[in-house]
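First the structure, in the form of structure tokens, and then the observations on it.
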Protein chains: 2
Amino acid sequence: MLTERQRMILNAIVDDYIRSAEPVGSRSISKRGDVGYSPATIRNEMADLEELGFLEQPHTSAGRIPSHKGYRYYVDHLDPAYSAPPGEIRLLRKFFAEKLSAMEQVIQHAAMILSHMTNYTSILLGPEVFHTSLRHFQLLPLNEETAVAIIVTSTGQVENKTVQLPPDVPVSEIEKVVNLLNSKLMNVPIYKLKTRLYTELGQEMERHISNYEEIMKVLDNIFLDGEADHQRLFLSGTTNMLTQPEFKDVDKVKTILDLLEETPTLTKMMAPQDGGGIQVRIGTENDHEAFANCSLITATYSLEGEALGTIGILGPTRMEYARVMSILNILSKDLTAMLSHWYK
Amino acid sequence: MLTERQRMILNAIVDDYIRSAEPVGSRSISKRGDVGYSPATIRNEMADLEELGFLEQPHTSAGRIPSHKGYRYYVDHLDPAYSAPPGEIRLLRKFFAEKLSAMEQVIQHAAMILSHMTNYTSILLGPEVFHTSLRHFQLLPLNEETAVAIIVTSTGQVENKTVQLPPDVPVSEIEKVVNLLNSKLMNVPIYKLKTRLYTELGQEMERHISNYEEIMKVLDNIFLDGEADHQRLFLSGTTNMLTQPEFKDVDKVKTILDLLEETPTLTKMMAPQDGGGIQVRIGTENDHEAFANCSLITATYSLEGEALGTIGILGPTRMEYARVMSILNILSKDLTAMLSHWYK
DNA sequence: CTTAGCACTCATCTCTTTAGAGTGCTAACG
DNA sequence: CGTTAGCACTCTAAAGAGATGAGTGCTAAG
């Protein structure tokens, strides 16, 4: 039905169009390495393919785009043996094997509810913390002043951080500390590391280690960081942004949505400022430019009196503050109640 | 700092703007029932409020919108006792109490993976079926010809459907059928109801019930419906639609996204046509106009040889068919494998 | 202090013009 | 006879030029 050359050209056009989303001109096909014909020749073939119904012209002086029939032909003649690259498959399987902890499910679920009820975007910061514990700790001196701290968690995640060492700490001392930590803090949940450091190790450290206080500071610093980095972010209702008339410009929405994908930035923004309770950040009070026209309302939930995570609603500055604040208030309390019931 | 009247006007402007997203003019404030002043008076106050920094003008001849300071004032002076309407709170708590079954988590998780890996929107149809079973069945005659069938599931969901009764069925007969169903089909998973109807009840029905065949038809009809309605839909990556240049027009995206919210329509579209395997529906081959520029690629996963659900990717007609088809193929097989392992 | 009236401003919509990409056709070439 | 160069032609997208109208600020009267 189609000549070999026509098939090749059709394939080239579909491929190009899939990549570029722009009508494909004869010149650009001609310039591809795998097609050895001039634009004029391609044009002739394209005219034929159009007549046969495989291509379309959006308008007279545009390039061609595949018609439905063209796509259909392309799909039906795809190499059936084609398989995604092995790296991709490995990734797919790896993600698929992951599981959410019961805790995370609750958070994710809450995110969904929030976005549905408010018609805004909800952002929930949940403590990954809950299902990861310490498997291994290492502190490798790089030189006299700096060392790399390595934390391996029960889920196999490896975190590392470069830290400044206090002056004049002999290697033997460091080894002692590391051994102590590994023996005493093994299997302790990440989020409890910092407190356990003091409650369980304080005395022993004081007895055996010379620079006790300064080393304590270093460790404190390391675990503090681990705590923040391990939080997990759940989003829901991002498309609700689109329904707001102030964001009818796609580019504006895009900058916001892109920022929502940037987990670290978002995590920082969600961090509660001084004290808990409901917090409202209006427009530029969010310290990111893309949120200049947004307001972020957050509330914290907690376990045993300690703030664990944050739930938040992102909307236009023109937001139904009263309603959203009330809903956040209720849900954060319910979450807190549920958690304390759960982990008791 | 602000006079009572200024506060009132500021509040009115913020409220109006929250609702309308349009700059608020003096006239519209004046016309509100709760403000008894003419536009000119309002204008004077508005000029003052602008000077104080609570309001802004997008341009000289537009109405006013609240500034950040204006929102801040509004928020800080919100009635602290305000609480969302009780109906809303009840709804919130109800949703929050819901739980996803293990099965559903897997599906939802798969949806996320798919959208992340493909950068398109993923739609997964999972069998709610798995964790709901029949708790109670009722058939209430309305008159001689019609009756309401009520199905209560183990999760407390209540489904009802109006059905046509065959002529001349005495009430006593109906009662017998209902009793038989309740005694024999109690705790049977919804998805097995239809087959069990025949395997377990066929003979007994035939013996005791006069209009056996016609009543069977009615029941069949009822359970068929329940089966379809109980499938659960998971979406992920809806915002990926935005990154496609063909959908840079917000209105176009909106029609698509709106359709994605319509669960029943979507469920129907995802239904596999004749036979399983990977299916590609290009443009208008999807029987909904809003998807004229979209392609939907679907694959089914199954349990014990029976198709249970569908996983799909929605993207522009200009889609990376080969890659997506390969990924769907792998994931659908992995899902099938996982399920058979799970439910054995 | 409040309100009516009127001139003024500026965004938005529509219409027109312009620039550029890509075609179709014709004629020449190997 | 298939392939290629050249050129006129077409049509969109971008830029510019009025017309429209909502809403203001100011002034003067109530």
Side-chain angles (χ1 to χ4, degrees), chain A residues 2-10 12-13 16-17 20-32 34-67 70 245-246 248-252 293, chain B residues 2-10 12-14 16-17 19-32 34-67 70 245-252:
Chain A
L2 291 188
T3 68
E4 191 48 42
R5 194 167 73 183
Q6 282 175 325
R7 289 187 47 171
M8 190 177 84
I9 290 176
L10 178 57
I13 292 174
D16 261 33
Y17 187 66
S20 69
E22 302 276 314
V24 183
S26 54
R27 232 177 89 85
S28 64
I29 293 293
S30 169
K31 276 199 290 195
R32 285 171 57 123
D34 54 341
V35 185
Y37 299 97
S38 77
T41 308
I42 311 279
R43 276 207 289 283
N44 289 331
E45 292 288 22
M46 278 159 90
D48 290 349
L49 281 169
E50 183 173 356
E51 208 165 329
L52 288 168
F54 292 98
L55 295 179
E56 280 172 0
Q57 263 184 314
H59 53 267
T60 330
S61 68
R64 302 300 208 292
I65 61 174
S67 67
E246 40 265 86
K248 78 163 178 238
D249 176 14
V250 177
D251 291 333
K252 271 187 206 154
N293 296 311
Chain B
L2 290 188
T3 68
E4 190 49 43
R5 194 167 73 181
Q6 282 176 325
R7 290 186 44 171
M8 189 178 87
I9 290 176
L10 178 57
I13 291 174
V14 176
D16 260 34
Y17 187 64
R19 240 186 300 275
S20 69
E22 302 276 315
V24 182
S26 53
R27 229 176 93 86
S28 63
I29 292 294
S30 168
K31 276 198 288 195
R32 285 171 57 123
D34 54 342
V35 184
Y37 298 97
S38 77
T41 309
I42 310 278
R43 276 207 289 283
N44 288 331
E45 292 287 22
M46 278 161 94
D48 290 349
L49 282 169
E50 184 173 357
E51 210 165 330
L52 289 168
F54 291 98
L55 294 179
E56 279 172 1
Q57 262 184 315
H59 53 267
T60 330
S61 68
R64 302 299 206 293
I65 61 173
S67 67
E246 40 263 88
F247 302 127
K248 79 166 179 233
D249 177 14
V250 178
D251 291 333
K252 271 187 205 154

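Note on naming: letters A, B, ... go to the chains in the order of the sequence lines (proteins, then strands), and numbering restarts at 1 for each one. Just so it is clear, the values below take in all heavy atoms, side chains as well, and ignore hydrogens, waters and symmetry mates.
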Exercise. Of all the heavy-atom pairs spanning Ser30(B) and Ile42(B), show the shortest one and how long it is.
Key: CB-CG1, 4.3 Å
Exercise. Look at the side-chain N and O atoms of Arg64(A) and state whether any lies under 4.0 Å from the OP1 or OP2 oxygen of dG24(C).
Key: yes
Quiz item: In whole Å, what is the span from the CD atom of Glu51(A) to the P atom of dG24(C)?
Solution: 11 Å
Self-check item: dT23(C) phosphate, OP1 or OP2, under 4.0 Å from Ser26(A) side-chain N/O
Solution: yes
Exercise. Find the distance Glu22(A):CD to dT12(D):C1' and express it as a whole number of Å.
Key: 12 Å
Quiz prompt | Interatomic distance where CD belongs to Glu45(A) and P belongs to dG24(C) [whole Å] | solution = 13 Å
Exercise. Round to a whole Å and report the spacing from CG of Asn44(B) to C1' of dC1(C).
Key: 10 Å
Practice problem: Scan Thr60(B) against the nucleic acid and name what it touches under 4.0 Å (heavy atoms): base, sugar-phosphate only, or nothing. | Solution: sugar-phosphate
Quiz item: Are side-chain heavy atoms of Leu49(B) and Leu2(B) found at a separation under 4.5 Å?
Solution: yes
Quiz item: When we call it a touch if two heavy atoms are under 4.0 Å apart, what does Ala40(B) touch: a base, just sugar-phosphate, or nothing?
Solution: base
Quiz item: dA5(D) P sits how many Å from Arg43(A) CZ, rounded?
Solution: 10 Å
Quiz item: Is Ser61(A) near enough to dT12(D) that one of its side-chain N or O atoms lies under 4.0 angstrom from OP1 or OP2?
Solution: no
Quiz item: When you check the phosphate oxygens OP1 and OP2 of dT4(D), does a side-chain N or O of Ser38(A) lie under 4.0 Å from one of them?
Solution: yes
Exercise. Check whether any side-chain nitrogen or oxygen of Arg5(B) sits under 4.0 Å from OP1 or OP2 of dT2(C), and answer yes or no.
Key: yes
